[in-house]
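To keep things clear, I will list the structure first and then write my remarks on it.
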Amino acid sequence: MPHHGQVAELLPLLRAPGGKGALQYAEGQYNEGALGGPAGEIYPIDEGIVRMLAQVDPLLARELEAQSKALDEYLDPKLLMPHYERDFVARLAIDELMPAALQQGKGLQALDVGCGIGLLGRLYPNVGWVGLDASMTLLRKASTGYRLLIEGTAEQLPFADSSFDVIVALNMLHHVINPERAMAEFARVLKPQGTLIAVDPRKVWLVEMGKKLLRSKDEAYAETHKAFTVEEYRQLLQAQGAFNLERFERVGLLGLVGMGGFDATRLSYLLPSAERAVRGFVMLDEALFRVPGVNRGGLNLAVRATRS
């Protein structure tokens with residue numbers, strides 16, 4: 001968990017949400033201190049986390065409620081999708097999409113936006129991430145690999161312009177209420193020639209219907225969840241005219257359907273090893289993707305883009 005000294009070290013990076021005004025340490029009765037904004041607003045530091053989520057609209061409130069309900073699922077060792085997120089999606093984002101120089105994290109600023117329970121921090125602690133998420137429930141679990149943790153939204157990033165060398169948005173844009181606004185904020189806080197890495201689910205009508213059917217009574221599934229067609233995702237990334245797409249791939253196929261189905265029906269609990277099952281599903285997809293043209297059916301969209 002980040003400590004007081006790390007907050008002080010990164011204070012020049014911080015701004016009021018949306019980049020609106022520098023911050024300073026605020027005097028007052030706060031156990032771990034607080035930061036003050038240009039209009040007198042106060043952002044307390046709680047459990048090492050800077051709390052900058054001032055207003056929560058009803059849609060975000062529903063999303064946060066669902067994320068809180070999903071915490072046990074994220075941490076459940078028997079479910080397959082958390083293993084898949086850790087063993088495949090995260091390593092795809094970092095090992096395959098992030099340029100080698102950025103992986104070393106030496107003197108570079110890296111933002112894990114929508115960091116959740118801190119998967120990237122645990123897998124790649126040498127990067128020295130700044131982590132942001134709207135869920136305090138999830139942030140409390142992000143205990144390793146972060147120089148700074150902030151409770152806030154992607155639509156109003158609390159950072160100065162051109163602050164980061166790399167932004168990773170790992171399976172988070174489909175949770176964001178206004179992804180277009182979030183993308184504008186990514187463009188604002190990313191340095192010229194900086195790298196954006198994003199992974200999200202691709203919208204396929206039959207799959208989306210299956211999700212709604214299987215999870216219709218699941219409190220961890222919010223109505224705000226979405227997926228993107230290939231064209232929607234491309235337009236989202238290019239709408240600001242700020243990003244040059246370097247890689248745009250579709251990944252995951254029958255393995256995703258199988259793992260999601262096993263978890264939704266709780267058949268995962270009958271498997272002797274979640275990790276072996278995930279490896280089997282990943283190997284199945286890798287074999288399928290060797291067939292020409294099959295990769296067009298990939299159910300996740302993975303992108304690397306450079307800030308122009």
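One-based numbering along the sequence shown. Below, all heavy atoms of this structure are taken into account, side chains as well, without hydrogens, waters or symmetry copies.
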| field | For Glu286, side chain to side chain donor-acceptor pair (under 3.5 Å) partners two or more places apart | value | none
| said: Restricting to salt bridge (charged side-chain N to carboxylate O under 4.0 Å, His left out), what partner residues turn up for Glu151, sequence neighbours left out? | reply: Arg51
| message | Give me the atom names and distance for the closest heavy-atom approach of Gly36 to Ile42. | response | CA-CD1, 4.3 Å
| request: Mark yes or no for whether Ser308, through its side chain, and Asn244, through its backbone, hold a donor-acceptor pair below 3.5 Å. | output: no
| Minimum heavy-atom distance between Asp133 and Gly116, given as atom pair plus value | OD2-N, 2.8 Å
| message | So does Leu299 get a backbone contact from the side chain of Lys203, meaning a donor-acceptor N/O pair under 3.5 Å? | response | no
| query | Are Asp112 and Leu132 close enough that some pair of their side-chain heavy atoms sits under 4.5 Å apart? | reply | no
| query | Taking side chain as C-beta onward, heavy atoms only, is Tyr74 less than 4.5 Å from Glu85? | reply | no
| task | With side-chain contact (heavy atoms from CB on, under 4.5 Å) as the test, would you mind laying out the steps for Leu256 and Phe281 before giving the verdict? | result | CA-CA 8 Å; Leu256 279 175; Phe281 278 120; over 6 Å; no
| query | Is the gap between the ring centers of Phe159 and Phe164 under 6.0 Å? | reply | yes
| Do any N or O atoms from the side chain of Lys191 and from the backbone of Val166 form a donor-acceptor pair under 3.5 angstrom? | no
| said: Using a 3.5 Å distance criterion without hydrogens, assess whether the side chain of Tyr146 forms a donor-acceptor pair with backbone atoms of Gly121. | reply: yes
| Selection residues 166-182 - residue pairs positive for salt bridge (charged side-chain N to carboxylate O under 4.0 Å, His left out), sequence neighbours left out | Arg181-Glu185
| task | Without swapping roles, check the side chain of Arg202 against the backbone of Gly298 for a donor-acceptor pair under 3.5 Å. | result | yes
| field | Considering all heavy atoms, the nearest Tyr43-Val50 contact | value | CB-CG1, 4.4 Å
| message | Before you tell me yes or no, could you show the steps for Val168 and Cys115 under side-chain contact (heavy atoms from CB on, under 4.5 Å), namely the whole-Å CA-CA distance, both residues' side-chain angles and the distance that decides it to 0.1 Å? | response | CA-CA 9 Å; Val168 178; Cys115 64; over 6 Å; no
| query | What residues, two or more places apart in sequence or in another chain, satisfy side chain to side chain donor-acceptor pair (under 3.5 Å) together with Asp285? | reply | none
| Derivation and outcome, side-chain hydrogen bond (donor to acceptor under 3.5 Å, both in side chains), residues Glu246 and Thr306 | CA-CA 7 Å; Glu246 295 185 342; Thr306 301; 2.6 Å; yes
| Nearest heavy atoms of Leu23 and Pro38, plus distance in Å | CD2-CD, 4.5 Å
| task | State, to 0.1 Å, how close Pro201 and Asn300 come at their nearest heavy-atom pair, and which atoms those are. | result | CA-OD1, 3.4 Å
| query | Are any of the side-chain heavy atoms of Ile197 and Leu170 separated by less than 4.5 Å? | reply | no
| field | Listed partners of Asp263 passing salt bridge (charged side-chain N to carboxylate O under 4.0 Å, His left out), at least two apart | value | none
| Qualifying ring pair (Phe, Tyr, Trp, His ring centres under 6.0 Å) pairs with a residue from residues 165-204, counting only residues at least two apart or across chains | His175-His225
| said: Let's go through Gln67 and Arg62 carefully: what are the C-alpha distance in whole Å and the side-chain angles of both, what is the deciding distance for side-chain hydrogen bond (donor to acceptor under 3.5 Å, both in side chains) to 0.1 Å, and is it a yes or a no? | reply: CA-CA 9 Å; Gln67 290 294 311; Arg62 176 65 189 99; over 6 Å; no
| task | For Arg307 and Ala187, indicate whether the former's side chain and the latter's backbone hold a donor-acceptor pair under 3.5 Å. | result | yes
| query | Does Trp129 reach the main-chain N or O of Leu148 with its side chain, forming a donor-acceptor pair under 3.5 Å? | reply | no
| remark: Residues at least two apart in sequence or cross-chain that pass side-chain contact (heavy atoms from CB on, under 4.5 Å) with Val56, listed by chain then number, are Leu53, Leu60, Ala61, Leu64
| field | Lys141 vs Leu71 side-chain heavy atoms within contact, under 4.5 Å | value | yes
| query | What pairs with Arg86 under side-chain contact (heavy atoms from CB on, under 4.5 Å), at least two apart in sequence or on another chain? | reply | His83, Leu119, Leu123, Glu275
| message | Restricting to side-chain contact (heavy atoms from CB on, under 4.5 Å), what partner residues turn up for Leu245, sequence neighbours left out? | response | Arg234, Leu237, Gln238, Phe248, Val303, Ala305
| query | Can you list the residues that meet the salt bridge (charged side-chain N to carboxylate O under 4.0 Å, His left out) rule with Asp161, with sequence neighbours excluded? | reply | Arg188
| message | With salt bridge (charged side-chain N to carboxylate O under 4.0 Å, His left out) as the rule and sequence neighbours excluded, what pairs involving residues 247-262 come up? | response | Arg247-Glu249
| task | Please examine the side chains of Leu14 and Ser163, heavy atoms only from C-beta on, and report whether any two atoms are closer than 4.5 Å. | result | no
| Do you know which two heavy atoms are closest between Ile177 and Glu155, and how far apart they sit? | N-OE2, 3.4 Å
| field | side-chain contact (heavy atoms from CB on, under 4.5 Å) between Glu9 and Arg147, worked out | value | CA-CA 9 Å; Glu9 176 189 350; Arg147 300 164 62 204; 3.3 Å; yes
| Those residues that, when tested against Phe228, pass ring pair (Phe, Tyr, Trp, His ring centres under 6.0 Å) (two or more places apart) | Tyr233
| request: Please tell me if the side chains of Ile167 and Thr195 come closer than 4.5 Å, counting only heavy atoms from C-beta onward. | output: no
| Taking Asp200 for the side chain and Leu301 for the main chain, is one N or O donor matched with an acceptor at less than 3.5 Å? | no
